Structure formats: structure tokens, C-alpha cells
Participant: 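For reference, the structure I am asking about is given below.
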Protein chains: 2
Amino acid sequence: MPRSTRDRPAKAPLSKDAIVDAGMQVLREDGIDAVTMRRVAGVLDTGAASLYVYVANADELKQVIFDRVVAEVPMPNVDAEDWRDEMRTLGRNTVEVLDRYPGIASIAIAHIPTGDNAMRLVNAMIGLLLAGGVPEASAAWAADVVNLYITAAAYENFIRARMDVDQDEEIEEIAEHFRTRAAAYPNVQRVAWAMFAGEGTERFDFGLDLMINGLLTTPAPVHPSGS
Amino acid sequence: MPRSTRDRPAKAPLSKDAIVDAGMQVLREDGIDAVTMRRVAGVLDTGAASLYVYVANADELKQVIFDRVVAEVPMPNVDAEDWRDEMRTLGRNTVEVLDRYPGIASIAIAHIPTGDNAMRLVNAMIGLLLAGGVPEASAAWAADVVNLYITAAAYENFIRARMDVDQDEEIEEIAEHFRTRAAAYPNVQRVAWAMFAGEGTERFDFGLDLMINGLLTTPAPVHPSGS
DNA sequence: ACCTGAACACCGTTCAAGT
DNA sequence: ACCTGAACACCGTTCAAGT
């Protein structure tokens with residue numbers, strides 16, 4: 001038998017799963033922007049064209065990868081004693097998982113997630129709201145809004161982390177802009193002490209609390225087909 | 001004199017302003033994804049390399065364009081009788097402006113806006129909150145969260161609009177997925193009647209109300225340097 | 001100093017040709 | 001049916017050469 005088949009593992013057969021696995025690997029290593037058809041194909045020792053047998057296009061691949069990531073978010077307990085606390089935990093857990101995969105949140109921003117894992121999580125979130133006595137219409141819309149907030153927050157974490165790496169350039173420019181023009185933004189200046197204070201999770205929790213607490217005092221949206 | 005200098009207007013000299021103008025034109029016509037260095041340079045009858053004299057890179061150009069767009073948002077009246085109503089108007093106005101420039105919201109998601117117009121708007125928003133009696137720390141964080149929400153909402157509008165154009169494909173797939181797997185998502189099914197109901201502005205207002213109302217009942221974040 | 005064309009190192013996607 | 005290399009039509013950015 002020829003050496004080549006023994007020296008390195010035989011090229012595994014292509015499959016959608018294998019492609020997604022390769023994509024996950026690239027994502028973990030170099031972030032979502034590195035997940036290109038060519039790069040993923042490279043991991044599998046083939047050319048980009050070969051992937052199109054299993055995946056419609058680059059976009060579909062990324063959406064499938066996103067749903068794989070969502071699978072790692074622990075399901076909330078719909079029968080929890082304190083539904084608001086459980087909502088906070090769910091939000092925090094989701095951001096935590098998204099933070100492990102650099103830039104993945106951008107996928108959820110670019111396409112409303114419809115994968116099975118994402119759907120099951122939304123289903124659980126709505127269940128939590130309904131169990132808490134939130135009206136159906138409010139629950140539907142609130143789930144939408146909260147998910148928008150969660151993904152936006154996770155993406156902002158990514159941006160901030162990337163900025164910390166590029167540091168010098170951008171951060172110094174912003175600081176400089178602030179110093180020289182502070183007089184033009186008196187209110188910003190007045191609250192500046194709080195602006196960049198606190199942990200990221202603290203700020204995230206505050207935003208989530210705004211929504212959860214708001215649910216208790218915001219009337220359910222009226223709707224033509226609602227009674 | 002040679003004809004060529006009379007037949008078509010003489011090539012205007014390059015300048016940062018001219019480049020941004022050209023970028024705005026492309027943005028209006030074909031959306032932010034069409035705003036590439038090559039395309040913008042094409043409008044100005046030159047090559048992409050020429051732009052680098054006035055602009056550091058493609059990213060900077062897009063951020064400047066974003067700030068141009070923000071200039072169109074009407075400034076809120078900080079002395080308004082009802083600050084909550086003024087907040088709602090500000091939010092709605094911002095989304096309205098962003099909606100006029102396809103995909104521009106993605107820029108604000110990818111980089112926290114620091115342009116002069118964006119800063120003046122944030123300054124006004126914080127002023128509105130402070131005038132309403134919101135504590136400094138809450139105002140600082142709430143402005144952050146609300147802006148995150150505004151840009152995310154505007155970007156989702158863009159996504160939805162683009163989906164309506166591509167229609168057939170994606171929308172039918174999602175509907176099919178819903179039909180066949182509805183049993184797996186009972187809560188989603190239960191509130192589905194509300195999910196896609198209502199105007200986009202109605203949903204947006206609801207989310208904004210959640211935050212505004214939440215501000216009245218959410219304690220100001222405690223902070224080490226705060227008293 | 002400003003402008004340029006050509007080149008480099010990438011993209012996604014298609015397609016004819018192979019197995 | 002599956003896989004492939006080459007090609008097409010794009011990107012952003014750099015750089016030597018011109019004015």
C-alpha cells in the first residue's frame with residue numbers, strides 16, 4: 001500500500017456535518033470573518049467549489065454554524081420560581097455563549113435566526129414570559145426585542161474586544177476627540193464618569209432589567225385581531 | 001480649445017467632501033454594500049487608490065458617511081413638556097432617517113459612532129433623560145442601551161425589506177419550517193398571531209416603551225465612584 | 001503633494017470536465 | 001452523484017512611477 005494513505009489520516013468524506021465542523025473550528029480560531037468558503041474548504045483539504053454540493057452558499061453555512069453555537073445555551077427552566085430572574089440568567093447565558101465565538105452575533109443580526117436550536121430557545125423564552133403572566137402580544141414582541149438586544153450586546157462585546165487589540169489607534173483617537181470637544185457635549189461630559197464604568201455584564205443586566213421591569217408597566221400592544 | 005473640456009464637465013478636484021458626497025450617492029442608490037472604494041472612485045472618474053490621500057481606509061469613509069446621515073435627524077427639544085414622549089419621537093425620527101439609507105445602520109453596529117453629529121445627538125438624548133429626573137448613571141447606560149436598540153431595529157428593517165425583495169426563497173422556507181415543526185414550539189405557536197402583526201413602528205415603539213417605562217422602576221446602577 | 005495603473009492577496013460563485 | 005481546477009467578477013490596500 002502506498003505510504004501516503006498511512007502517513008496522514010485518509011481524507012474524510014465530505015458531508016454537511018463535516019463542513020459545519022470545519023467551519024466551527026475556523027470560527028473558534030479566527031472569528032466569523034475568517035469563515036470563508038475557501039478557508040473552510042482548505043481545512044477539509046479541498047476547494048471551495050466542493051462545498052456547494054452540501055451548502056447553498058456562504059450565508060447558509062454561517063446560519064447553520066450559528067445554530068450550532070446556540071445549541072450550547074442552557075435551556076431555561078420555564079417553571080422557575082422567579083421568571084424575571086430566569087430571564088436574566090437566560091440573557092446572560094446567551095451572551096456568554098456568543099462571546100465564545102468571535103463575531104458570531106453578526107449572523108443573528110444579519111438574518112433573523114430560524115434554526116431549530118434558536119427556535120427552541122425563543123419558544124422557551126416566550127414560555128417564561130407567559131408563565132410570568134405577561135400577555136400574549138407583549139410576550140411575542142418582548143421576545144423579539146430582548147433577542148435583538150442580546151445579539152446587539154454580544155456583537156458590541158466583540159467590537160470592544162477587537163478594539164482593545166487594535167488599541168492605540170482607535171481608542172486614543174476617541175479619547176482625544178472627547179477631550180478637545182467635551183465642551184460641545186456637556187451632558188455626555190456630566191455622565192462620563194458612569195459611561196465606561198462597571199463590568200460589561202453589569203451594563204447588560206441593567207438594559208435587560210429596563211425591559212423586564214418595563215413589561216410590568218407597559219400595556220400590551222392593541223391589535224386588530226386581538227380582543 | 002479641445003472639445004473634451006467642453007463636452008463634459010471638467011473633472012472636479014478630489015477632496016474628502018467630494019468623496020463623501022459620492023459615497024452618499026452610491027449609498028442612496030444601491031445601499032451600503034455597494035459603497036466600496038472602487039465604486040466610489042468610479043463615481044469620481046478615478047481609481048480606488050486615489051481615495052487614500054483623503055481617507056484612511058474604507059471603514060473610515062463609511063463612518064464619515066454615517067455621521068452625514070445622522071445630521072439629518074432632527075434635534076430633540078430638551079425642554080419638552082413630556083420627556084418620555086420626546087424620547088419616543090427622537091427614537092422614531094432616528095430610525096426613520098436610517099431607513100432612508102439602505103443598510104447604513106450596520107455601520108453603527110460595527111463601530112460605536114463617535115462622529116460629531118452622533119455625539120451631539122447622544123448628548124441631547126442624555127440631556128432629555130437628565131431633565132426627566134433620571135439619575136446620571138442610569139442616563140448614561142440607558143442612552144447606550146437605547147441607541148443599541150435603535151440601530152438594531154433600523155438594521156432589522158433593512159433585513160426585512162431586503163427579504164421582501166428576495167421574497168419567494170427565504171420567506172417560503174421559513175413558513176414551511178414553521179408549519180412542519182410548529183408542534184415543537186408550542187409557545188411560539190400560541191403567540192404567533194401577534195408575532196408578525198402590527199406595523200414595524202408599532203413594534204419599535206413597544207420596545208422603546210419597555211425601556212422608558214423600565215427606567216422609572218429600575219434602580220440606578222451602583223458604582224464604586226458614585227456616592 | 002497629489003494622482004495613477006498595476007499588482008498582490010484575497011473574496012463568492014459558476015461551470016466544464018472529470019470520476 | 002460527487003468532486004475538482006480554472007475562470008469570472010469582484011473586494012481592500014500598497015507601491016513604484018508619474019505630474
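We name chains A, B, ... by the order of the sequence lines, and we start the count at 1 in each one. All values derive from a computational prediction rather than experimental measurement.
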Participant: Do we see a donor-acceptor contact under 3.5 Å between the side chains of A:Asp116 and B:Tyr185?
Facilitator: yes
Participant: Among the nucleotides D:dG12, C:dT13, D:dT4, which one has an atom lying closest to any side-chain atom of A:Arg38?
Facilitator: C:dT13
Participant: With a cut-off of less than 4.0 Å, is there a side-chain N or O of A:Tyr54 near OP1 or OP2 of D:dC2?
Facilitator: no
Participant: What's the CG-P distance between B:Leu51 and C:dG5, to the nearest Å?
Facilitator: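 The answer, rounded to whole Å, is 12 Å.
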Participant: Salt bridge (charged side-chain N to carboxylate O under 4.0 Å, His left out), that's the test. Do A:Glu96 and A:Arg92 meet it? Break it down for me.
Facilitator: CA-CA 6 Å; A:Glu96 208 171 275; A:Arg92 247 175 305 187; over 6 Å; no
Participant: Tell me whether the side-chain N/O atoms of B:Thr46 come closer than 4.0 Å to OP1 or OP2 in C:dC3.
Facilitator: no
Participant: Rounded to the Å, how far apart are B:Asp45 CG and C:dC2 P?
Facilitator: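 The distance from CG of B:Asp45 to P of C:dC2 comes to 20 Å, rounded to the nearest Å.
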Participant: Rounding to a whole Å, what distance do you find between B:Asp30:CG and D:dC10:P?
Facilitator: 13 Å
Participant: Just name whichever nucleotide pairs with D:dT19, Watson-Crick or G-U, keeping both distances under 3.5 Å, else none.
Facilitator: C:dA1
Participant: Quickly work out the B:Asp33 CG to C:dG12 C1' distance and round it to whole Å.
Facilitator: 14 Å
Participant: If you measure only the distance, is there a donor-acceptor pair under 3.5 Å linking the side chains of A:Trp141 and B:Glu202?
Facilitator: no
Participant: Which listed nucleotide (C:dT13, C:dT4, D:dT4) is nearest to the side chain of A:Ala49?
Facilitator: D:dT4
Participant: May I have the distance from B:Glu60 (atom CD) to D:dG12 (atom P), rounded to whole angstrom?
Facilitator: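 From B:Glu60 CD to D:dG12 P: 14 Å.
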Participant: Can you identify which nucleotide, out of C:dT13, D:dT13, C:dT4, has its nearest atom closest to the B:Met37 side chain?
Facilitator: D:dT13
Participant: Could you please name the option among D:dC3, D:dT13, C:dT4 that lies closest to any side-chain atom of B:Ala48?
Facilitator: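 Selected nucleotide (nearest to the side chain): D:dT13.
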Participant: Counting the atoms with a prime plus P, OP1 and OP2 as sugar-phosphate, which does B:Ser50 contact under 4.0 Å by heavy atoms, base, sugar-phosphate, or nothing?
Facilitator: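 Touches a base.
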Participant: Look through every strand shown and name the nucleotide pairing with D:dT14 as Watson-Crick or G-U wobble, where both distances are under 3.5 Å.
Facilitator: C:dA6
Participant: Roughly, in whole Å, what's the span from OH in B:Tyr52 to P in D:dA16?
Facilitator: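 Rounded to the whole Å, the gap is 17 Å.
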Participant: So, A:Tyr101 versus A:Glu72: side-chain donor-acceptor pair below 3.5 Å or not?
Facilitator: yes
Participant: Could you give the CG-to-P distance, from B:Leu14 to D:dT19, as a whole number of Å?
Facilitator: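 Whole-Å distance recorded here is 18 Å.
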Participant: Of the options C:dC2, C:dT13, D:dT13, whose atoms approach the side-chain atoms of B:Val53 most closely?
Facilitator: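 Nearest to the side chain of B:Val53 among the choices is C:dC2.
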Participant: Check the distance between C:dT13's C1' and A:Arg39's CZ and give it to me in whole angstrom.
Facilitator: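 Computing the A:Arg39:CZ to C:dT13:C1' distance gives 20 Å.
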Participant: Kindly indicate whether the side chain of A:Asn147, heavy atoms from C-beta on, has any atom under 4.5 Å from the side chain of A:Met125.
Facilitator: yes
Participant: Please report the distance separating the P of C:dA9 from the corresponding atom of D:dA9, rounded so that it comes out in whole Å.
Facilitator: 22 Å
